[in-house]
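Data block below; observations after.
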Amino acid sequence: MIRLADSDTRSSLPAPGACDLSSLNTFALESLAPACVSLHDEADLPRLATLAKRYDALLVLGGGSNVVLPPKVRGLVARVALRGVRLAGEDARMRIVEAAAGESWHGLVAHCVEQGWGGLENLALIPGTVGAAPVQNIGAYGVELCERFAGLRAYDLLREEWVDMDASQCGFGYRDSVFKREPGRWVIASVRVTLPKPWRPVLEYPDLQRHPRLVGAPSPRDVFEAVCEIRRAKLPDPAVLGNAGSFFKNPVVPAAQYEALRARFPGLVGYPQANGGYKLAAGWLIDQCGWKGRRLGPVGVHERQALVLVNHGGARAADVLALAEAIRRDVENRYGVVLEPEPVVVPGASERT
Ligand code: EPU
């Protein structure tokens, strides 16, 4: 990994400037940041700690793929642009790959597959950066980041020190981590993933079991291609239709509530969890309430996946929140289940200007 720290003699970051974030969030929500800086170098992270003290709030932005941004962002926005990928270690049982936080996540997955290194292929085509991946513990098609996580390097803005964090320190949960619970405290600089040897495909997810490309002995590339195909068929491309992936988490309910619901709604989709509860498919609940493909102002529910809210053009965060609230209410009234948003809703999002 190329580090520029030794050659960089600046003692502070350039003065923050105004930035239009409308094209820098995948939801394509109209958003302006009066004070914005880019972090190109690890040495910029301690500098950010000094600069951020002059502002009431700090928002660290990666690929902008999991945020609902307000029309005007309060405080300082720091865009992470650190680059580099390297094989950091290898033995008989695994490879460790280290990637800088500003790299594209999908770019990292594709790079590993190209080298013939399996392990991340189920997580192909997830939008966003490497540094954002641990924040929400990204997951798809039977694999979560925490299962491939070796560690990360971050700057702790509270203690003003570099830290190396392992999985337990990151406090990973379902689409959750300590970084989501204490926003603005750490800036992630790089992430290390473990790619197990020998590689074994993870094909338990129903969509993969049915896939014609995956019969016999598939390679990491076969799984990668299949996941890309499935995602392209179901999920809207943010470059074409603004969205932030799943807008709600799949809610986990106690077994008794699951059984009672199933008795009333036999089609209910739920998966047993290690804690004895059941994870319900929020997409199914929303779909059954008749929301799939519906619009409310400039926003709507995607026509092929009810869990994804989309921006048909010119939307602001308040439009998204109004739609989300209408869906949340309907699902609660019908099923008694409360849906929680999955993306980070940045303060000020409910304001119109
Ligand atoms: N379903 C419906 N109608 C819909 C959508 C889904 O009936 O409109 C049903 C499906 O038929 C299926 C079940 O709900 O039986 C689950 O649907 P799917 O397999 O598409 O997955 P999901 O639970 O909707 C989750 C993740 C996705 C991830 C996929 C695949 C969350 C919040 N979402 O979606 O992650 O790609 O599984 O692993 O956990 C994201 O987090 O942004 C994201 C896209």
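Order of appearance sets the numbers: ligands from 1, and atoms from 1 within every ligand. Quick caveat, the model's predicted, so the values are computed rather than measured.
Using a 4.0 Å cut-off between charged nitrogen and carboxylate oxygen, Glu332 and Arg329 do not count as a salt-bridge pair. A salt bridge is absent between Arg221 and Glu121; no separation between the charged side-chain nitrogens and carboxylate oxygens falls under 4.0 Å.
For Asp56, the CG atom counts as loosely surrounded, since its 6.0 Å shell holds 12 or fewer non-hydrogen atoms of other residues, nucleotides or ligands. Around atom CZ of Arg181, more than 12 heavy atoms belonging to other residues, nucleotides or ligands sit under 6.0 Å away. Within 6.0 Å of CZ on Arg213 lie more than 12 heavy atoms contributed by other residues, nucleotides or ligands.
Distance check for atom 10 (C) of ligand 1: every protein heavy atom is found at 4.0 Å or beyond.
Below 4.0 Å from some heavy atom of Ala140 lie the following atoms of ligand 1, by number and element: 36 (O), 38 (O). Of all the atoms in ligand 1, the ones that sit under 4.0 Å from a non-hydrogen atom of Tyr271 are 13 (C), 15 (O), 16 (C). Those atoms of ligand 1 with a heavy atom of Trp284 less than 4.0 angstrom away are 1 (N), 2 (C), 7 (O). Close approach of ligand 1 to Tyr205 is summarised as follows: ligand atoms under 4.0 Å from at least one heavy atom of the residue are 18 (P), 19 (O), 21 (O), 29 (C), 30 (C), 37 (O), 38 (O). Which parts of ligand 1 touch Arg231 is read off a 4.0 Å heavy-atom cut-off, strictly below it: atoms 36 (O). For ligand 1, the atoms lying closer than 4.0 Å to a non-hydrogen atom of Tyr174 are 31 (C), 32 (C), 39 (O). Close approach of ligand 1 to Val269 (heavy-atom distance below 4.0 Å) involves ligand atoms 15 (O). Which parts of ligand 1 touch Ala281 is read off a 4.0 Å heavy-atom cut-off, strictly below it: atoms 13 (C), 14 (O), 16 (C).
For Lys249, no nitrogen or oxygen atom sits less than 3.5 Å from a nitrogen or oxygen atom of ligand 1, counting backbone and side chain alike. Here's the thing with Asp207: none of its N/O atoms is less than 3.5 angstrom from an N/O atom of ligand 1. Close N/O approach between Ala306 and ligand 1 is found [any backbone or side-chain N/O within under 3.5 Å].
A pairwise comparison of heavy atoms in Val73 and Pro34 identifies O-CD, 3.3 Å as the closest pair. For the residue pair Arg83 and Gly102, the shortest heavy atom distance occurs at NE-O, 3.3 Å. In terms of heavy atoms, Ala244 sits closest to Asn66 at O-OD1, 3.9 Å.
When only non-hydrogen protein atoms are considered, atom 34 (O) of ligand 1 lies nearest to Leu307 CD2, 4.1 Å. At the shortest separation from atom 6 (C) of ligand 1 among protein heavy atoms lies Gln305 OE1, 3.8 Å. For atom 25 (C) of ligand 1, the nearest non-hydrogen atom of the protein is Asn250 ND2, 4.1 Å. Atom 38 (O) of ligand 1 has its closest protein heavy atom at Tyr141 N, 2.6 Å. The protein non-hydrogen atom at the shortest distance from atom 3 (N) of ligand 1 is Asp287 OD2, 2.8 Å.
Listed by chain and residue number, Asp207 satisfy the side-chain hydrogen bond (donor to acceptor under 3.5 Å, both in side chains) test with Lys234 (two or more places apart in sequence, or in another chain).
Counting heavy atoms closer than 4.0 Å to ligand 1, residue Phe247 contributes nothing at all. With a heavy-atom cut-off of 4.0 Å, Gln136 does not touch ligand 1 at all. Contact annotation: for Arg175 versus ligand 1, heavy atoms closer than 4.0 Å belong to the side chain alone. Contacts between Phe248 and ligand 1 below 4.0 angstrom, taking non-hydrogen atoms only, involve the backbone exclusively.
With hydrogens and angles ignored, the 3.5 Å screen pairs no side-chain donor or acceptor of Arg294 with any backbone N or O of Glu303.
Classified by interplanar angle (parallel below 30°, tilted 30° to 60°, perpendicular above 60°), the ring pair Tyr155/Trp162 is perpendicular.
Counting heavy atoms from C-beta on, the side chains of Arg232 and Asp237 never come closer than 4.5 Å.
In the candidate list Ser246, Gly139, Gly293, Ser246 is nearest to atom 44 (C) of ligand 1, counting heavy atoms.
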Report, one line per pair, each donor and acceptor closer than 3.5 Å where one atom sits in a side chain of residues 311-320; sequence neighbours left out.
from, atom 1, to, atom 2, distance (Å)
Asn311, OD1, Gly313, N, 2.7
Asn311, OD1, Ala315, N, 3.3
Asn311, ND2, Phe27, O, 2.9
Asn311, ND2, Ala28, O, 3.0
His312, ND1, Arg295, NH2, 3.2
Arg316, NE, Glu30, OE1, 3.4
Arg316, NH1, Arg352, O, 2.6
Arg316, NH2, Glu30, OE1, 3.1
Asp319, OD1, Arg352, NH1, 3.0
Asp319, OD1, Arg352, NH2, 3.0
Asp319, OD2, Arg316, N, 2.8

